[in-house]
Amino acid sequence: MEAAVVPFPENRGPRLAVEFRELNFRYPGGRQALSSITAAIPVGCRLAIVGPSGAGKSTLLLHLNGLLPGQLPTDGTQSAVWIFDQPILPTNLASIRQRVGFVFQDPDDQLFAATVADDVAFGPRQLGCSKAEMTERVAEALAAVGLSHTLNDNPGQLSYGERKRVCLAGVLACRPELIVLDEPSSNLDPRSRRQLRSILDSLSATQIIATHDLDLVLDACDTVWVIDDGRLQAAGPTRRILSDPLLMDRHGLEVPWRLRT
Ligand code: ADP
């Protein structure tokens, strides 16, 4: 097995968006989901996390928002997850969450309001924005995902792809510096996938995407981490990682058609 790689070691160049420092996680009563993850993601990176089902990708993402039971140290021990140079701790969780936008795999886990406008406004309202600013942010976010015309629609009556874009708009309306997306292209038709790619392309925030869609990775990400069995198995530039047939095969993945010679 290829040794786990620490892609951005001590001698940092740019400021870091995320650092995992020897991260281990076991679900209560369950199996070890993450083991000894030590790696960093610079600001501005577009990182893909790939690996077979059950590898630990979603669990790793959930750590970025303090969403897992027992994740946060309460006994004074150091946090294993740092966001923008701050350890995630119970005392600063709220301020860190303001900087991290999380788009879940299933839009129906995220949408709940009677209109698209209300759904997208939820985050800015939580942030304490004035009504005028909320209106401006909602309009801006819906324009960014090409859904300005759905403002007064019921999210339940939109297509699956549109609901996914409303979720993304809800996150964009909070103007996060780091956007985390879990399987953003799953169940999307080709046109919706193209729309997603161009939206992601237009965003300046640091992006972390867990996905099985290696074409999306090729188009949207500059760096890839391969996770398997809860461990970081390899990391590096997108084309180098995805064009390595032995590495791909070892972790239940396939070299995308476009990279096959
Ligand atoms: P992936 O996103 O790569 O498919 P996950 O992070 O969802 O993988 O899962 C990693 C491991 O953690 C798997 O063995 C899975 O069964 C386990 N796991 C995930 N969620 C839970 C949970 N809520 N309770 C217990 N075990 C879980």
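Counting starts at 1 for both ligands and their atoms, in listed order.
- Interface atoms of ligand 1 facing K57, defined by a heavy-atom separation under 4.0 Å, are 1 (P), 2 (O), 3 (O), 4 (O), 6 (O), 8 (O).
- Nearest protein neighbour of atom 14 (O) of ligand 1, counting heavy atoms only, is R31 NH1, 3.1 Å.
- Ligand 1 lies within reach of A55, whose nearest heavy atom is under 4.0 Å from it.
- Salt bridge D153/R163: absent, no basic N to carboxylate O contact under 4.0 Å.
- Polar contact with ligand 1: present for G56 (N/O pair, distance under 3.5 Å).
- Contact annotation for P52 and ligand 1: only backbone heavy atoms (N, CA, C, O) come within less than 4.0 Å of the ligand.
- Within a 4.0 Å radius of atom 16 (O) of ligand 1, the protein has no heavy atom.
- Polar contact check, S53 against ligand 1: no nitrogen or oxygen pair lies under 3.5 Å apart.
- Judged purely by distance below 3.5 Å, without hydrogens or angles, the side chains of S198 and D201 never pair a donor atom with an acceptor atom.
- Considering backbone and side-chain atoms together, G54 places an N or O closer than 3.5 Å to an N or O of ligand 1.
- Less than 4.0 angstrom separates some heavy atom of T59 from each of these atoms of ligand 1: 5 (P), 6 (O), 9 (O), 10 (C).
- In this structure, a donor-acceptor pair under 3.5 Å is present between the side chains of R165 and Q195.
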